[in-house]
Trainee: 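Okay, handing you the structure first.
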Protein chains: 2
Amino acid sequence: MRKDSTTAANGGATVHEVARIAGVSAATVSRFLNGTAKVSDEKRQAIESVIEKLNYRPNVLARNLKTGSSRTIGVLTQSLVSGYFADAMAGIDDVLQGTGYAPLIVSGHWHADEEAERIELLIARRVDGLVILSGKLKDAQILKLANRVPIVAFGRQLEGPQAYGFSLDNYWGACEAVEHLILQGHRQIAFITGPADHLDAQARLAGYRDTLAKHKIKESPQLVAPGDFSESGGLLALERLLESGKRFSAIFAANDLTAYGARLALYRRGIRVPEDISVIGFDDLHSSMYTTPPLTTVRQPLFEVGRCLGTAIVKMIAQEPLDLEVPQLSLVVRESVRRVA
Amino acid sequence: MRKDSTTAANGGATVHEVARIAGVSAATVSRFLNGTAKVSDEKRQAIESVIEKLNYRPNVLARNLKTGSSRTIGVLTQSLVSGYFADAMAGIDDVLQGTGYAPLIVSGHWHADEEAERIELLIARRVDGLVILSGKLKDAQILKLANRVPIVAFGRQLEGPQAYGFSLDNYWGACEAVEHLILQGHRQIAFITGPADHLDAQARLAGYRDTLAKHKIKESPQLVAPGDFSESGGLLALERLLESGKRFSAIFAANDLTAYGARLALYRRGIRVPEDISVIGFDDLHSSMYTTPPLTTVRQPLFEVGRCLGTAIVKMIAQEPLDLEVPQLSLVVRESVRRVA
DNA sequence: TTGAAAGCGATACCAC
DNA sequence: GTGGTATCGCTTTCAA
């Protein structure tokens, strides 16, 4: 079009126009904008006033092309509607605020192929870093991806030049939960598992087993029912438990959703919580404070985890040392567990 | 640097490199990539094989700059951790899949200033369209914004050259809820409101009032307690209701969260649901299916709403007619309402 | 159909 | 400190 024009195609002003009117060069305007180098007070004021008058806003797209970065952090979650992941995303969003980075959120829906595909999409959009929340990808795949973009992951241990991952101590958390039950006098403790291929679920099962063993309580296979981290899974599992005929006074659900389902199954049979049976969960979703009764559970500080992840990826991009303070699990005692004789 | 080079700074190939190796011009490669014009079979195959060999991926950043568009849809939500908004976002994400658009999600936290600021950020990032989920901005502000970018909004009626907004019929939904209660024999019906300045909350209150009037039931001011769409608000409101001494057999909560809080307050006092008091909510959050008892409520098809919004914004950007099919509210009868004599 | 070349708007290197 | 100028990698006239 017009080679000599200084007005952007979309009607907005450009660095050149600002420069021309302010009587300086585009380079100087750029320097002022980015604080890349000192600009004399005189010119600085001139530039400032022109920017003001023209209501100039730098074109991010042009900047992105030139710098090769989109000032965007890709976030791979597994579900957009899960309160669990939502908390973590909120934490990421929170720390990213004001850093100039914006999160680009995609969901892998717990499906390795979809995760890989979405990540490619993120990379194609030139994200500067990637945060991976859980998922089914193999560590090796992530490590390979990390050659192309810095990655921080949650729910897996990872260490590499451009990769870092941590999980919370789910084993410890499960031990705490079962210890609590035992301390309240429970001996027949049922467990509803999570998905067998889920690392956290495995750790929680191990914690359950080891804690029983530690207290010389014989584990009964009939007291371990498979669940899938969902309410319906919890409901079904509880029915199976009840039908087994094996008695139990407490249930440890592998996560809160499972506990909700179990609790409903109990309700349907007229079994009271905690008078007849105690229930303990894992996660501490927001709603767990308002279930009837409010759920005793192991709290995952997901918002803090999200903040931690966000901080980490920004540091990693800046090539700074991470030195993170990873938040810890904690037992939240509410009203779904009763002391028994 | 190297003027003659055809390799991108980041190591990836460029159109030029592909062009050179395939023995065609960059323009032709571009045409092939975008289907902008016919490319002879011969050249097409050459290009395809080179792309394959080089594993070439077009640089989105450069394309964005050139086309002036980021192939991104800004989504303004009010909360990243609300199941309510999450459903809508999932719906948007769902329809955007495969359109080439990616959602860029930001939260306004129910704060007009923050909303405006986040929207500016979105516009600065050159989003091609904007979806606004509820919020405190004035319609006029949105209409003005629509001069800069196409906007589709939920939770408000809007109509303009580059703006469209719809809400669901909250008034109707509230009427349905109260009708249901009355049909089950309830006459003393309490209502816990939402925020007074929230359009939907106002409509629900109006529906409550009008339906009582329609059935010649005198409204009692003591039976209307202010809430704020949160569990704690519901809990407090219920205590106030109870303390008023005025009797009631059913509660209509302005939303499900409020119902959860009210339900817990009832539980604390040993009042059974629905045997002693019936409860009905509004929204139908996922968890409402697993509360004890499962909650009777008015369902908002938020996922469908999200799909609708996503479809609308894409069409609006493409300058196509919208002709939307807006999903409707519906009553979901579960177990929290009892028939009384 | 195809290619050459001119930008999109900003950044950054290189001299001065 | 400051300005000229060459890119960043792609799309899109314009001519052929």
Side-chain angles (χ1 to χ4, degrees), chain A residues 1-47 51 54 56-71 100 124-126 128, chain B residues 1-47 50-51 54 56-71 100 124-126:
Chain A
M1 278 166 221
R2 307 145 305 175
K3 158 96 186 167
D4 59 329
S5 169
T6 47
T7 299
N10 58 44
T14 70
V15 253
H16 290 98
E17 185 164 18
V18 173
R20 187 173 51 78
I21 303 184
V24 301
S25 77
T28 302
V29 176
S30 172
R31 286 191 270 258
F32 163 76
L33 252 21
N34 305 293
T36 318
K38 278 228 145 49
V39 175
S40 71
D41 268 7
E42 188 193 5
K43 310 217 177 221
R44 196 170 51 68
Q45 289 183 8
I47 295 173
I51 285 181
L54 263 42
Y56 166 75
R57 300 265 165 268
N59 184 327
V60 184
L61 268 23
R63 173 180 296 175
N64 286 351
L65 172 60
K66 183 61 190 176
T67 61
S69 125
S70 60
R71 300 296 282 174
R125 283 186 170 260
R126 294 295 198 276
D128 299 312
Chain B
M1 279 164 223
R2 306 145 306 174
K3 159 95 186 168
D4 58 331
S5 170
T6 46
T7 301
N10 59 43
T14 70
V15 253
H16 289 97
E17 186 164 18
V18 173
R20 187 173 53 76
I21 303 184
V24 302
S25 77
T28 302
V29 176
S30 171
R31 287 192 269 256
F32 163 75
L33 252 20
N34 304 293
T36 317
K38 277 230 145 47
V39 175
S40 71
D41 269 7
E42 188 193 4
K43 310 218 176 221
R44 195 169 50 68
Q45 289 184 7
I47 295 172
V50 175
I51 286 181
L54 264 41
Y56 166 75
R57 300 263 166 268
N59 183 328
V60 184
L61 267 24
R63 175 179 296 175
N64 286 351
L65 172 59
K66 184 62 193 179
T67 61
S69 125
S70 61
R71 300 295 281 175
R125 282 186 170 260
R126 294 293 199 280

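This is a predicted model, so every value here is computed, not measured. Just so it is clear: chains get the letters A, B, ... in the order the sequence lines come, proteins before strands, and each one is counted from 1.
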Trainee: Considering only side-chain heavy atoms of B/Tyr56, which listed nucleotide, D/dC10, C/dA5, C/dT11, is closest?
Mentor: D/dC10
Trainee: Starting at atom CZ of A/Arg63, determine the distance to atom C1' of C/dA12, rounded to an integer number of angstrom.
Mentor: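 Those two atoms, CZ and C1', are 13 Å apart.
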Trainee: Would you say B/Asn34 reaches D/dT11's phosphate, i.e. side-chain N/O to OP1/OP2 under 4.0 Å?
Mentor: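 Affirmative; the distance criterion is met.
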Trainee: Measure NZ/A/Lys43 against P/D/dT2 and give the value in whole Å, please.
Mentor: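 Taking NZ of A/Lys43 and P of D/dT2, I get 5 Å after rounding.
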Trainee: Are any of A/Thr28's side-chain N or O atoms less than 4.0 Å away from OP1 or OP2 of D/dG3?
Mentor: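 It does, given that an N or O in the side chain of A/Thr28 lies less than 4.0 Å from OP1 or OP2 of D/dG3.
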Trainee: With rounding to the nearest 0.5 angstrom, report the CZ to OG distance, A/Arg63 to A/Ser70.
Mentor: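 So the CZ of A/Arg63 and the OG of A/Ser70 are separated by 12.5 Å.
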Trainee: Once you round to the nearest 0.5 Å, how far does CG of A/Asn64 lie from CZ of A/Arg126?
Mentor: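 Reported value, rounded in 0.5 Å steps: 11.0 Å.
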Trainee: Taking C-beta and beyond as the side chain, do A/Leu33 and A/Ile47 meet within less than 4.5 Å on heavy atoms?
Mentor: no
Trainee: Students often get this wrong, so: under 4.0 angstrom with heavy atoms, is A/Asn64 touching a base, only sugar-phosphate, or nothing?
Mentor: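 Contact class for A/Asn64: none.
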Trainee: Would you say B/Ser25 places a side-chain N or O within less than 4.0 Å of OP1 or OP2 belonging to C/dG3?
Mentor: yes
Trainee: Say whether, by atom type as modelled, one donor and one acceptor occur between the side chain of B/Asn59 and the main chain of B/Leu61 under 3.5 angstrom.
Mentor: yes
Trainee: Given D/dT11, is OP1 or OP2 found less than 4.0 Å from the side-chain N or O atoms of B/Ser30?
Mentor: yes
Trainee: Given atom NZ of A/Lys66 and atom P of C/dA10, what is their separation to the nearest angstrom?
Mentor: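 Those two atoms, NZ and P, are 13 Å apart.
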Trainee: From C-beta outward on B/His16, which listed nucleotide comes closest to its side chain: D/dG4, C/dT11, D/dC10?
Mentor: D/dC10
Trainee: Which distance, rounded to the nearest 0.5 Å, do you find between the CG of B/Leu54 and the CD1 of B/Ile21?
Mentor: 4.5 Å
Trainee: Taking only the side-chain heavy atoms of A/Leu65 (C-beta and beyond), determine which of C/dT2, C/dG9, D/dT11 contains the nearest atom.
Mentor: C/dG9
Trainee: Separation of B/Arg126 atom CZ from C/dC8 atom P, in whole Å?
Mentor: 14 Å
Trainee: To the side chain of A/Ser40, which of C/dG9, D/dT11, D/dT2 is closest?
Mentor: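 Shortest atom-to-atom distance from the side chain points to D/dT2.
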Trainee: Rounded at 0.5 Å granularity, tell me how far NZ in B/Lys38 sits from CZ in B/Arg44.
Mentor: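 Spacing of NZ (B/Lys38) from CZ (B/Arg44) equals 10.5 Å.
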Trainee: B/Ile47 has an atom CD1; how far is it from atom P of D/dC10, in whole Å?
Mentor: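 B/Ile47 atom CD1 is separated from D/dC10 atom P by 13 Å.
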Trainee: Between B/Glu42 (CD) and C/dT2 (C1'), how many Å, whole number?
Mentor: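 Atom-to-atom, B/Glu42 to C/dT2, this comes out as 12 Å.
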Trainee: Roughly how many Å is it from CG in B/Leu33 to C1' in D/dT12, rounded to a whole number?
Mentor: 14 Å
Trainee: Once you apply a heavy-atom cut-off of 4.0 Å, does A/Val60 come out as touching a base, just sugar-phosphate, or nothing?
Mentor: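 Nothing: the residue A/Val60, judged by heavy atoms under 4.0 Å, touches no strand.
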Trainee: Answer with base, sugar-phosphate or nothing: what part of the nucleic acid does A/Val29 contact at a heavy-atom distance below 4.0 Å?
Mentor: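 The residue A/Val29 makes no contact with any strand.
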Trainee: For DNA chain D, whose closest nucleotide is more 5', that of B/Arg31 or that of B/Ala62?
Mentor: B/Ala62
Trainee: In terms of side-chain heavy atoms of A/Val39, which of D/dT2, C/dG7, D/dG3 is nearest?
Mentor: D/dT2
Trainee: If you only use heavy atoms from C-beta on, which nucleotide in C/dA4, C/dG9, D/dC10 is closest to the side chain of B/Ala27?
Mentor: C/dA4
